[in-house]
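Down below is the structure, laid out as structure tokens.
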Amino acid sequence: MSKVQAPRGMRDILPPQTRQWQRVIARAREWAHRCGFREIRTPILEHTEVFARAVGKGTDIVDKEMYTFEDRGGRSLSLRPEGTAGVARAFIDHGMHTWPQPVKLYYVADMFRYDRPQAGRYRQHTQFGAEIFGSAQAAADVEVLTLAIRVIQSLGLRDVVVRLNSVGCPKCRPAYLQRFRAYFTQHESALDEDSRRRLHTNPLRILDSKVPSTRALSADAPKTIDALCDECRAHFEDLQRHFAALAIPTAIDPFIVRGLDYYTRTAAEILSGALGAQNAMFGGGRYDGLVSLLGGPPTPGVGFGMGIDRLLVALDENGSLPADDLRVDAYVAAAASRANDALALVDALRAEGVAAEVDLMGRTLSAQLKAAGRAGAAVAVLLEDDATTPLVVRDLLSGEQTAVPAATVVAHVAAALAVRGRRGAAET
RNA sequence: GUGGCCAUAGCUCAACGGCAGAGCACUAGACUGUGGCUCUAGGGGUUGCGGGUUCAAAUCCCGUUGGCCACCCCA
């Protein structure tokens with residue numbers, strides 16, 4: 001690497017794309033606030049132990065994808081590979097079980113995984129996520145998942161279908177796993193190599209293998225939803241009824257399993273055809289065992305994580321990304337001798353909410369006008385050498401010009417923009 | 001971590017063993033009283049990096065870094 005460049009799998013996001021990021025994140029925040037979620041910000045680093053326990057040793061995330069290092073005090077720290085573990089740690093750390101329940105939190109945060117980069121997969125990526133702690137009701141699952149769905153829909157992806165599964169709980173899962181293992185052990189010779197390994201390390205994941213022969217075997221394998229205990233079954237049925245009441249389209253997909261050990265009962269995801277093989281735009285579910293696993297009081301929880309990078313790809317594919325709406329309203333073009341007046345006028349215009357620009361390149365008046373046109377300004381204000389002459393306000397669309405006394409030029413420009421329905425840069 | 005394809009100007013690409021180019025973008029000028037359109041000119045490159053083969057390498061070979069795609073895994 002002899003040229004300066006971003007680290008592998010990490011990238012710069014430049015204007016105008018940053019504008020799209022702002023919009024998506026603003027929409028996510030808006031919906032989160034409307035749904036009663038409040039923002040939590042947690043450190044970008046946690047003690048490695050937090051992830052090792054919460055995410056689970058034996059998962060790829062912990063075993064080979066974490067950015068882990070030792071700090072100067074000899075502590076092992078890791079960049080967060082996902083959001084829920086840190087939020088759960090904060091929940092315990094700050095005694096949130098004494099807060100009015102349930103506790104509803106959201107975050108927009110960068111995650112880090114030492115993966116091989118691929119389309120829609122980066123070593124640093126941004127997730128919007130939300131969690132509800134303290135409620136075991138299916139209504140809580142629906143509440144948090146609906147937030148994700150409404151955000152996606154409101155951005156223009158209308159045809160999303162929530163894929164749902166239930167992976168059971170510590171009560172019903174052991175017996176199920178036994179049958180599951182027995183089935184695949186019986187067919188072990190027909191499994192692909194990766195799936196044979198999983199049979200011993202993380203058997204449920206066999207179900208989402210992409211190897212055709214394994215998929216065929218999986219089709220006849222025992223499913224978690226057929227092996228739920230009464231409580232889990234009731235929870236899953238409530239979940240579906242609630243979604244139906246909200247008119248949110250769902251599809252049961254018994255092949256959705258979670259790579260993370262703390263998930264119980266509900267597993268949900270939304271896929272997008274625009275994303276190639278990395279097609280999960282959103283993943284979520286219930287993790288009733290997580291808080292106690294981390295040493296806190298037994299507390300049910302449910303949440304999701306949504307990949308903003310992937311969401312933007314899907315929106316782009318869908319033609320749902322509007323053009324950059326940040327533009328210049330007014331351009332102050334001035335003769336060199338009027339630099340002070342030009343700066344003061346621009347400042348005054350901006351104070352009135354007008355997006356105003358002024359030459360910073362020492363250009364001639366003609367070149368300044370050219371810059372104004374290129375910037376898409378609606379009006380230009382011209383300051384000529386003689387400070388005693390009125391200013392000229394030029395409408396750059398019609399070419400119409402008006403001589404205006406310096407004292408009233410701000411009001412004049414504001415009025416001209418109002419007529420055009422253009423006033424000020426976007427607020428968010 | 002495994003495999004395939006790829007890397008030339010800021011961007012999109014051409015040149016495919018024989019003088020590194022075009023379009024767009026950028027800068028300046030001309031023409032408009034003072035911008036858009038048009039025209040002219042200019043700045044820009046150790047062809048990702050390192051090595052090798054050759055009289056000669058952007059071009060062929062090896063390595064390396066990065067990107068894309070698939071697997072693994074996941075958002």
Side-chain angles (χ1 to χ4, degrees), chain A residues 1-11 14 55 58-66 80-84 108-129 148 152 192-195 197-198 201-202 205-206 208-212 214 256-260 268-272 275-285 303-314 328 331 333-335 359 361-384 392-401:
Chain A
M1 182 186 68
S2 62
K3 270 170 51 174
V4 292
Q5 56 187 327
R8 183 164 203 210
M10 303 189 183
R11 57 189 183 144
L14 312 174
V55 179
T59 62
D60 279 11
I61 288 181
V62 168
D63 289 348
K64 55 182 217 192
E65 294 178 4
M66 283 209 296
R80 60 178 165 226
E82 57 94 48
T84 302
V108 176
D110 285 2
M111 307 301 166
F112 300 84
R113 292 182 197 172
Y114 195 86
D115 255 358
R116 184 97 173 242
Q118 201 173 320
R121 187 169 71 194
Y122 304 99
R123 289 183 172 182
Q124 176 177 358
H125 73 276
T126 305
Q127 284 188 32
F128 165 58
I152 290 171
D192 63 280
E193 191 184 335
D194 284 320
S195 294
R197 179 171 44 75
R198 288 197 197 112
T201 57
N202 197 347
R205 295 217 63 88
I206 294 174
D208 62 5
S209 169
K210 288 172 188 168
V211 178
T214 300
I256 298 176
V257 291
R258 295 265 77 107
L260 312 184
E269 60 185 41
I270 292 177
L271 306 181
S272 165
L275 298 173
Q278 312 308 317
N279 58 3
M281 198 156 55
F282 147 108
F304 71 85
M306 183 188 302
I308 302 292
D309 308 69
R310 291 183 184 178
L311 177 58
L312 279 160
V313 171
V328 176
Y331 196 103
D359 175 58
M361 297 294 289
R363 288 189 167 103
T364 63
L365 203 63
S366 169
Q368 289 182 46
L369 264 298
K370 187 179 279 194
R374 197 167 35 213
V379 295
V381 182
L382 284 80
L383 281 66
E384 297 178 83
V392 173
V393 175
R394 179 181 174 88
D395 184 314
L396 290 173
L397 302 172
S398 67
E400 204 176 306
Q401 299 200 154

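In what follows, chains carry the letters A, B, and so on, assigned in the order in which the sequence lines appear, proteins first and then strands, with residues in each chain numbered from 1. If you're wondering where the values come from, they're calculated on a predicted model, not measured in any experiment.
The A/D194 side chain lies nearest to B/C72 when the options are B/C72, B/C74, B/U34. Of the candidate nucleotides B/G36, B/C72, B/C68, B/C68 has the atom nearest to the side chain of A/Y122. Relative to the side chain of A/R205, the nucleotides B/C74, B/A75, B/G29 differ in distance, and B/C74 lies closest. For A/R374, taking side-chain heavy atoms from C-beta onward, the closest of the listed nucleotides B/A75, B/C26, B/C72 is B/C26. The listed nucleotides are B/G36, B/C73, B/A70; the one nearest the side chain of A/Q118 is B/A70.
A/R123 comes within 4.0 angstrom of no nucleic acid atom, judged by non-hydrogen atoms across all strands. In this structure, A/R8 reaches the sugar-phosphate backbone alone: every heavy-atom distance under 4.0 Å involves primed, P, OP1 or OP2 atoms, never a base. As judged by a 4.0 angstrom heavy-atom cut-off over every strand, A/R113 is placed among the base-contacting residues. Residue contacts for A/E65: at a heavy-atom cut-off of 4.0 Å it reaches the sugar-phosphate backbone alone, with no base atom in range. At a threshold of 4.0 angstrom between heavy atoms, the contacts of A/Y331 with the nucleic acid are absent. Using a 4.0 Å heavy-atom criterion, one finds that A/G399 contacts the bases of the nucleic acid, with or without backbone contacts as well. Looking at heavy-atom distances under 4.0 Å, A/G9 makes contact with sugar-phosphate atoms alone, never a base. When heavy atoms are screened at a 4.0 angstrom cut-off, A/L396 is found touching base atoms of the nucleic acid.
Figure legend. B/C74 is base-paired to no nucleotide; pairs are counted as Watson-Crick or G-U wobble with both atom distances under 3.5 Å. When both pairing distances are held under 3.5 Å, B/C68 makes a Watson-Crick or G-U pair with B/G4. Using Watson-Crick or G-U wobble geometry with both donor-acceptor distances under 3.5 Å, B/C19 finds no partner in any strand shown. Both distances falling under 3.5 Å, in either a Watson-Crick or a G-U wobble arrangement, place B/C49 opposite B/G63. With a 3.5 Å ceiling on both atom-pair distances, the Watson-Crick or G-U wobble partner of B/G10 is B/C24.
Between the base of B/G3 and the side chain of A/R116 there is a donor-acceptor pair shorter than 3.5 Å. Side chain A/Q368 to base B/U34: no donor-acceptor pair is found below 3.5 Å.
Nearest-nucleotide positions on RNA chain B place A/L369 closer to the 5' end than the other of A/T126 and A/L369.
If you measure from atom NZ of A/K210 to atom P of B/A70, you get 8 Å, rounded to the nearest angstrom.
The C1' atoms of B/U53 and B/G4 are separated by 26 Å, rounded to the nearest whole Å.
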